[in-house]
Amino acid sequence: MLTNRIIKDFIYLTGSNLISKVIGFITTIIVAKTISVNDYGTYKWYSTIISYLILLINFGFDIYFYKLILNKNFSIEKVLAIQLKSRLIFGSIIYLLTVLMGYYMIDNFNDRLLFFILSFQIYSFIINMEIFIKIKSFFSFLSISTVMKSLLVLLLVFIFVKDEKDIIKLALIMVFSDLISNIIYWFYLKIKLNLDIKEVIKSFKNLKLKHILYHLKNSMVINLSFFMISIYYNLDSLMLGIFMTKVDVAIYSVAYSFILVAIMPTGILYNVFSPELAKNVYDKKVLKKYILSTTILGIFIFSFLLLTHKYLIMLSYGEKYLPSIDVLFYLSFDIIPCYLAGAFANPINLWGDYKKYLLIVSSGAIGNFVGNLILIPKYGINGAILTTILSEVLVFIFALRYWIKNKGLLR
């Protein structure tokens, strides 16, 4: 049976994320009606590139520090110092390389400026505190802050994004909202956990490079896993922008935005299950409960999406994005393998078998890269759709194989 805490946290996060996504859709509709399809595709393409660069300084800390903090092996202040210093050092290097890349590879001044502004999100991520909000299960606050951030973006877009030239303002709005959100997280944790800022600064100053490298060495496998997962979630848009047109990127991104909403509940379910999973390593009952809950949720989401895909596109984006209807229909078949892949693979990572988890998600990433490389130049968007589905199937097969081979681990 699901505990009251899990049900409550799931409802909190699901409700807030759904509200946030609805607000986000309204924001996107305003943007899509204001700027051209080509400009929207350019914005999405650059955003995808920046997301990969940000992932390079994630370092897998979400998982690596999870059990250490829960078991009180590390203080919040020490973990925070490690995160800040490691991300600041390597984030600054990546930012400088990003600026150089944009300067030499982008000829159009407006596109170059757009890319430079979005690159500031790297620095915003350096001070991101969401990991600590989740570890301490402050899900009600996370729910409220998620909705408020979406409302802030909507308000700023409504006020400032008025014509096609305002795509630069859109980028500034996204960077500003990220920064404000992270500052609020800081103040909340300082009050809620009595966070000692002086101790954070002291730990930051005393932290040597060899200590940073020690933690990065242990967490890097986890980060590689996140990177691999991101490949088969975001690589399609990136490679469509390389082999096809920015219009194709926009058409595909509009449809895929609904898939991202559809897979959101499985991420939420994993977040609320994580404390119980972390405390009950290789517990068969907990694993079965998590897998069953995820599978039932996936079937429900798939059925809903299959029945409503046409109306979702038409009511939100209108005829301007009519080709996205067929794209969303076929992409909806990705939901079941996606949910099954997460259900069987996520506990492997949380329970510490990082290398096996990396191999599992790498199968999806490699399959996605090779598939896109072969199929997109020949079949365009249809090639990207097929590759996306096959990537999730591969991850599910390898994760299921892990539990069949290692069932003796379960108690």
Ring center gap for W403 and F344 short of 6.0 angstrom: no

OG1-CG distance between T387 and D334, expressed to the nearest 0.5 angstrom: 11.0 Å

If only atom types and distance count, is the side chain of S92 paired as donor or acceptor with the main-chain N or O of L88 below 3.5 Å? yes

Do the ring planes of F300 and F304 sit parallel (below 30°), tilted (30 to 60°) or perpendicular (above 60°)? parallel

Flag yes if more than 12 heavy atoms outside F204 fall under 6.0 Å of its CZ atom; otherwise flag no. yes

Minimum heavy-atom separation for G367 to L394, with atom names? CA-CD1, 4.2 Å

Would you call the rings of F141 and Y188 parallel, tilted or perpendicular, where under 30° means parallel and over 60° means perpendicular? parallel

Would you call the rings of Y317 and Y321 parallel, tilted or perpendicular, where under 30° means parallel and over 60° means perpendicular? perpendicular

Using the ring pair (Phe, Tyr, Trp, His ring centres under 6.0 Å) criterion, which residues pair with F120? Sequence neighbours excluded. Y95

List in chain and number order the residues that pass side-chain hydrogen bond (donor to acceptor under 3.5 Å, both in side chains) with Y46, two or more places apart in sequence or in another chain; answer none if no residue qualifies. none

Please check if atom OH in Y330 has more than 12 non-hydrogen atoms from other residues, nucleotides or ligands closer than 6.0 Å. no

Mind checking what makes salt bridge (Lys or Arg N to Asp or Glu O under 4.0 Å) contact with D178, not counting sequence neighbours? K149

